[in-house]
Asks: 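Could you have a look at this structure, given as structure tokens, before my questions?
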Amino acid sequence: MRTLGRIFLVAVMLLALPAGAVLAQSTDGTVTVLHGIPGDGGFPVDIYVNGDYTAPFIPGLTFTEFAGPVTLPAADYSIEIYAAGADPAATDPALGPLPVTLPAGANATIEAHLDEAGAATASVFVNDISEIAAGETRLTVRHTASAPTVDVLANDGVLFSALSNPNQASGDVPAATYTAKVVPTGETEPVVFEADLALPEGTSTIVYAIGSLADGNFTVAVQTITGLGAAPGGVPTGTAGLATDGFPIALAIAGALALVGLAGSGVALSRRSSN
Amino acid sequence: MSRNTLKALFVISVVTLITVTASYLIGTEPATVGDVGAIEDSLSEPSFPTASAPDPQPTVVPPPDAEDGGPSVPVSTGLLPDLPAGDPVIPVGLKLGSLGVDAPVVPTGVNQRTGQMAVPNNVRDVAWYQFGSVPGERGSAVLAAHVDLASQGPGVFFNLRTVDEGDVVEVEFSNGTVRVFRVEARTAYQKDELPLDTIFAREGSPVLTLITCGGGFSESSGSYDSNIVVYAVPIPDRDLGSAG
């Protein structure tokens, strides 16, 4: 993959953000970069931003590695990816320039990866950082590998079906450890990937399928975003009313009887004394 | 009815009224003991993101200058995270000497139907909210139990509303160690005013939070209108065994 030609990319814009992904009063966005293109020695790359060639913004990133998250002002950026050590002023980038618009409050992952046919490309994903209900966890799977359409199984049940490059599927499920499998869509085998995933409560786990099935370097990279959890809605701990701090029922009855007795005897006594 | 009988009835009625009033006043515990606000403040660090909270000091990492010799962007491997090694150390027992409580603790999560904390459907067990903090660790560790159940009578936390400042709470863990806590405060919250983000805070000073129901009771809904909440803090010097 070192021989990647220059690849022209259409503008990848972050549009139609989910409402929960936007922090209303922030003027910054959060960016993570994933290297998902296999190659010799992990295909190390230098990543430059906005044509500033004085030094790589991210030097020496290799296959399966994440850089970030970094907080950047919301703006338009141009990203160029070069083979590590290449002179950006004298050579064409291996990938890019890639125009990326980062809206305020967005949490995004920029990924260099293979398309279904095995050519280098790039995608920008907006990460859902909306609140996760108490007791649940968020699992997202992004198909960015040179591989056919797949199903994702959780504990042998279909969780996401017919997922194809470069698409994603996501869902909130009860926090637990799941046995995850990736199989050709509609099939149960061959299992092209299998792993036990411990998915913590209140955490978003994003699994990227990367590499090439045909070339034998298909694998996954995992990004986690913590701190999205919520508190339960209450604590229900009584149904009998034995510990109520209202007026206790026995005392209330005794009090009522005493009031009746008081009124009755008082009235009778006053009538007799007036006779 | 003779005049003397009427006089006796009058006197008995007056005495009964006085007795009823006195026993009500004597039998009523104060709703709050200790400094509830101080405990709430110690847990007030935001544990959960709030969409409207402005970032007072935005952290902007500019593209690096040449003299930096390299950028400050952190790099991490995308390898699958390891599964938790071995069994986690969790609370398994609770002792509240002042109430004579010595109860098993079971881990629970969320009732998927109601979204509320799950509490075992018996009056014997104390529930530990396993998605929150471990007792003695940072944040609020929540132990909840029934005050009563219509089908089973009074519960293990029936007298939680009488716990006093300074009472000692012991939590036993699955590895045999014991952590000791001192009650700092007790209060009652209307259920619709329960400070959930404080009570279930995952950051802040270590607080052991004991919860049951109390306050007024609705026969029609079969539920109380308040939660009794007891806040205790660790006394590390009195822990038994190596704290874990």
Side-chain angles (χ1 to χ4, degrees), chain A residues 23-26 28 34 49-50 52 54-59 61 64-68 70-73 133-135 175 177 195-196 198 201 220-223 227-247 251 254-255 258 261-262 265-266 268-269 272, chain B residues 3 6 9-10 12-14 16-17 20 23-24 48-49 51-52 54-55 58-61 63-64 66 70-71 73 75-78 80-81 83-84 109-110 115-117 119 131 144-150 154 158 161 191 194 196-197 200 211-217 219 222-224 227:
Chain A
L23 295 171
Q25 300 184 25
S26 173
D28 298 328
L34 168 61
V49 175
N50 290 349
D52 178 358
T54 51
F57 188 71
I58 301 165
L61 197 67
T64 75
E65 279 187 336
F66 289 94
V70 291
T71 303
L72 296 172
T177 296
D196 286 339
E201 197 253 3
V220 300
V222 180
Q223 176 183 11
L228 304 180
V235 187
T237 42
T239 62
L242 303 177
T244 175
D245 69 6
F247 209 69
L251 286 181
L262 188 63
S265 58
L269 283 169
R272 291 191 180 192
Chain B
R3 186 176 178 84
L6 284 172
L9 182 56
F10 185 85
I12 289 169
S13 298
V14 169
T16 305
L17 268 182
V20 164
S23 57
Y24 174 65
F48 304 110
S52 59
D55 189 349
T59 311
V60 178
V61 181
V73 180
V75 172
S76 59
T77 168
L80 275 173
L83 292 176
V110 177
Q116 298 193 323
M117 179 178 166
V119 181
F131 300 128
H146 282 106
V147 64
D148 57 27
L149 276 175
F158 187 76
R161 64 192 190 282
K191 284 192 174 178
L194 194 63
L196 291 164
D197 285 352
F200 289 95
I211 306 179
T212 194
C213 284
F217 185 79
E219 296 286 349
S223 62
Y224 290 86
N227 279 116

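Below, chain A is the first sequence line, B the second, and so on; all start at residue 1.
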Asks: Where do B:Arg161 and A:Ala243 come nearest, in terms of heavy atoms and distance?
Replies: NH1-CB, 3.4 Å
Asks: With a 4.5 angstrom heavy-atom cut-off, which part of B:Pro81 approaches chain A: side chain, backbone, both or neither?
Replies: side chain
Asks: Taking all non-hydrogen atoms of both residues into account, name the closest pair between A:Pro236 and B:Val119 and its distance.
Replies: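 Smallest heavy-atom distance, with atoms named: O-CG2, 3.8 Å.
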Asks: How close do B:Phe131 and A:Gly135 get, counting heavy atoms only, and between which atoms?
Replies: CE1-CA, 3.5 Å
Asks: Examine whether an atom of A:Leu34 lies under 4.5 Å from a heavy atom of chain B, and if so say whether it belongs to the side chain, the backbone or both; otherwise answer neither.
Replies: neither
Asks: Below 4.5 Å, heavy-atom pairs only: which of A:Gly68, A:Ala240, A:Ala67 has the largest tally toward chain B?
Replies: A:Ala240
Asks: Check whether A:Thr237 reaches the backbone of B:Val147 with its side chain - one donor and one acceptor, N or O, closer than 3.5 Å.
Replies: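 Answer holds: no.
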Asks: Excluding sequence neighbours, so at least two apart, what forms side chain to side chain contact (heavy atoms under 4.5 Å, CB included) with B:Phe217?
Replies: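 Expected list: A:Thr244, B:Glu219, B:Tyr224.
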Asks: Tell me, for A:Ala134 versus chain B, whether the close heavy atoms (under 4.5 Å) come from the side chain, the backbone, both or neither.
Replies: both
Asks: Could you tell me which portion of B:Val75 (side chain, backbone, both or neither) has an atom closer than 4.5 angstrom to a non-hydrogen atom of chain A?
Replies: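 Looking at B:Val75, backbone and side chain both touch chain A.
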Asks: Using every non-hydrogen atom in the two residues, find where B:Ala144 and A:Val235 come nearest and quote the distance to one decimal.
Replies: CB-CG1, 3.6 Å
Asks: Considering residues at least two apart in sequence or located in another chain, which fulfil the salt bridge (charged side-chain N to carboxylate O under 4.0 Å, His left out) criterion with A:Glu201?
Replies: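 For A:Glu201 the salt bridge (charged side-chain N to carboxylate O under 4.0 Å, His left out) partners, ignoring immediate neighbours, are B:Arg202.
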Asks: Of the backbone (N, CA, C, O) and the side chain (C-beta and beyond), which part of A:Glu65 lies under 4.5 Å from a heavy atom of chain B, both, or neither?
Replies: both
Asks: Against chain B, work out which of A:Thr177, A:Thr64, A:Leu242 has the most heavy-atom pairs shorter than 4.5 Å and name it.
Replies: A:Leu242
Asks: Minimum heavy-atom separation for B:Cys213 and A:Gly238, please, with both atom names.
Replies: SG-N, 3.5 Å
Asks: For a quick test of reading the model, state the closest non-hydrogen atom pair linking A:Val222 to B:Leu80 and the distance between them.
Replies: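 Shortest heavy-atom separation between A:Val222 and B:Leu80 comes out as CG2-CD2, 3.4 Å.
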